[in-house]
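Structure record follows, encoded as structure tokens.
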Amino acid sequence: MPVIEPRTISNHNQSKRDVDIVYPTATTATTEGQRLATRGKSNLSFILKKPHDVEFAERPIPELPTPHDVLVAVNYTGICGSDVHYWQHGAIGHFAVKDPMVLGHESAGTVVQVGSAVKFLVPGDRVALEPGYPCRRCDGCLAGRYNLCPDIIFAATPPYDGTLTGFWAAPADFCYKLPEHVSLQQGALIEPLAVAVHIVKQARITPGASVVVMGAGPVGLLCAAVARSFGASKVVSVDIVQTKLGFAKAIGSTHTYLSQRVSAEENAKALVEQCSLGNGADVVIDASGAEASIQASLHVVKVGGTYVQGGMGKSDITFPIMAMCQKEVTARGSFRYGPGDFKLAVELVSNGGVAVEKLITEVVPFEKAEEAFRKAKSGEAVKMLIAGPNEAVNV
């Protein structure tokens with residue numbers, strides 16, 4: 001029989017003071033199942049204590065909180081810009097690291113144990129992990145926009161631990177089975193691809209559209225690739241680094257533009273002329289968060305076009321509001337991902353629509369996690385992957 005008590009998240013030391021239904025799981029069967037599944041394995045975790053101060057430490061292997069959860073052995077984790085930001089600064093906005101926190105949220109792994117109510121996953125299944133778990137009851141969740149849930153529990157967002165660890169417990173319906181021909185390394189890039197899918201869905205791209213993507217970091221590159229898969233006939237990637245634009249052409253962009261040190265309006269004019277955009281682009285996506293790129297975006301988008309803000313930067317910027325109003329631009333924000341985004345991301349990788357593996361710069365063993373963070377911060381890598389502590393890596 002279920003009991004009512006404060007919700008606890010088994011991957012974390014912290015508890016969320018929110019009333020929820022929690023099913024007792026401390027039975028002989030589940031305890032024995034976990035013991036067998038994890039025998040001889042490590043739950044070594046990569047923990048941020050404060051900016052630039054990390055440690056490796058063994059954490060208890062999590063138990064399944066409900067019969068609807070699964071235990072996953074983490075095989076690979078990608079480094080996100082937010083992970084690097086926490087590592088550097090210890091905070092993003094009002095989310096501040098006050099207690100030691102395990103980093104990482106872009107992961108794929110192998111199911112090792114399933115709850116008694118799980119019908120669609122079995123031990124041995126390889127899955128991509130969606131790392132945010134909503135309350136399922138608020139207005140946002142009930143409206144089908146669970147990414148806007150105010151009580152969402154998101155990996156490696158204080159106070160919750162992340163996935164740079166040996167084992168991760170998750171709701172089964174937030175684990176996406178990978179087809180046999182999709183590798184676990186590709187699976188670790190499903191999370192950033194899902195971010196790009198959500199951004200592009202917000203843009204309402206139609207076949208034949210022209211799309212400009214500001215920023216050629218991992219999410220910007222993936223936005224360009226998803227836009228092509230959605231039917232855009234012209235996709236322009238914009239960045240200040242030429243080598244990144246080379247990656248853009250490799251993953252799907254039809255055109256590139258190297259942003260110059262001139263005004264936003266001058267850059268916009270040169271971009272439109274150089275890429276033959278006529279009266280402007282049907283859609284402009286900012287995946288950079290840079291003020292200059294955002295300003296240029298509103299001068300690049302055509303009259304009646306669509307602008308989507310996907311990148312995060314300074315909280316307040318100077319914004320060309322006159323251009324937006326006079327053009328009657330439709331503007332939308334984009335935050336993480338929602339229903340169907342992970343499923344579509346898996347399908348895009350499965351059918352060859354997006355070659356996420358092209359973004360992988362290097363795979364390092366778990367003990368070299370901090371070295372991987374340094375490379376990610378330096379800009380010398382597109383996407384670094386860290387193998388799980390129980391994963392063998394040839395170096």
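Any value given below was found using the heavy atoms of this structure, including those in side chains, with hydrogens, waters and symmetry copies removed. Please read these numbers as outputs of a predicted model, since none were measured by experiment. Sequence positions, counted from 1, serve as the residue numbers for this chain.
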Between V211 and V272, is there shared hydrophobic-cluster membership here, with clusters defined by ILVMFWY side-chain heavy atoms closer than 4.5 Å? no
Please name the residue in the list V127, V72, L184, T163 that meets the side-chain contact (heavy atoms from CB on, under 4.5 Å) test with S107. T163
With no hydrogens and no angle check, just 3.5 Å: does a side-chain donor-acceptor pair link S350 and E347? no
Without hydrogens or angle criteria, can the side chains of Q274 and Y257 be said to hold a donor-acceptor pair below 3.5 Å? no
Please tell me whether E391 and N75 have a donor and an acceptor in their side chains that are separated by less than 3.5 angstrom. yes
Does the side chain of S183 pick up a donor-acceptor pair with the side chain of Q185 at under 3.5 Å? no
Is it true that D282 and R204 make a salt bridge, defined as a side-chain N closer than 4.0 Å to a carboxylate O? no
Under the 3.5 angstrom rule, does the side chain of D341 hit a backbone N or O of A194 as a donor-acceptor pair? no
Do the side chains of L64 and Q113 get nearer than 4.5 Å, heavy atoms only? yes
Measuring from atom CZ of R126 to atom NZ of K177, what distance do you get when rounded to the nearest 0.5 angstrom? 9.5 Å
The test is salt bridge (Lys or Arg N to Asp or Glu O under 4.0 Å); show your working for R136 and D173 and say whether it passes. CA-CA 12 Å; R136 305 179 190 253; D173 55 335; 2.9 Å; yes
Quick one: do D161 and R59 make a salt bridge, cutoff under 4.0 Å? yes
If you count every heavy atom of other residues, nucleotides or ligands that lies below 6.0 Å from I240 atom CD1, does the total exceed 12? no
Please tell me whether Y86 and Q88 have a donor and an acceptor in their side chains that are separated by less than 3.5 angstrom. no
Could you tell me if the side chain of E191 sits less than 4.5 Å from the side chain of P131, heavy atoms only? yes
Would a 4.5 Å heavy-atom cut-off, applied to side chains only, mark V236 and T256 as touching? no
Taking atom CD1 of I285 and atom OG1 of T306, what is their separation to the nearest 0.5 Å? 10.0 Å
Testing the 3.5 Å rule here: is there a donor-acceptor pair between the side chains of Q309 and D286? yes
In this structure, are over 12 heavy atoms from other groups packed under 6.0 Å from D53 atom CG? yes
Side chains of I47 and F56: closer than 4.5 Å at any heavy-atom pair? no
Ring centroid separation for F174 and Y146, is it under 6.0 angstrom? yes
F366 side, atom CZ; S42 side, atom OG - distance, nearest 0.5 Å: 7.5 Å
Validation row, ring centre F342 to ring centre Y337 under 6.0 Å: yes
Would you check if the side chain of N390 reaches a backbone N or O of K41 as a donor-acceptor pair within less than 3.5 Å? no
Would you say the side chain of V283 lies within less than 4.5 Å of the side chain of Y307, judging by non-hydrogen atoms? no
Would you call R374-E370 a salt bridge at under 4.0 Å N-O? yes
Are E106 and K383 within salt-bridge range, i.e. N to O under 4.0 Å? yes
For L271, run the side-chain contact (heavy atoms from CB on, under 4.5 Å) check against V284, V212, L258 and tell me which one passes. V212
In T77, D83, L44, the residue satisfying side-chain contact (heavy atoms from CB on, under 4.5 Å) with L164 is T77
Testing the 3.5 Å rule here: is there a donor-acceptor pair between the side chains of Q295 and T318? no
Roughly how far apart are R336 CZ and N147 CG, rounded to 0.5 Å? 8.5 Å
Find out whether V197 and L348 are in side-chain contact, i.e. whether some heavy atom of one side chain is under 4.5 Å from a heavy atom of the other. yes
Do F373 and M384 make a side-chain contact, defined as non-hydrogen atoms from C-beta onward lying under 4.5 Å apart? no
Taking it one step at a time, do D239 and S259 satisfy side chain to side chain donor-acceptor pair (under 3.5 Å)? CA-CA 6 Å; D239 206 280; S259 188; over 6 Å; no
For the CG atom of D99 and the NZ atom of K50, what is their distance to the nearest 0.5 Å? 14.0 Å
Salt bridge or not for K375 and E371, using N-O below 4.0 Å? yes
Do S82 and I92 make a side-chain contact, defined as non-hydrogen atoms from C-beta onward lying under 4.5 Å apart? yes
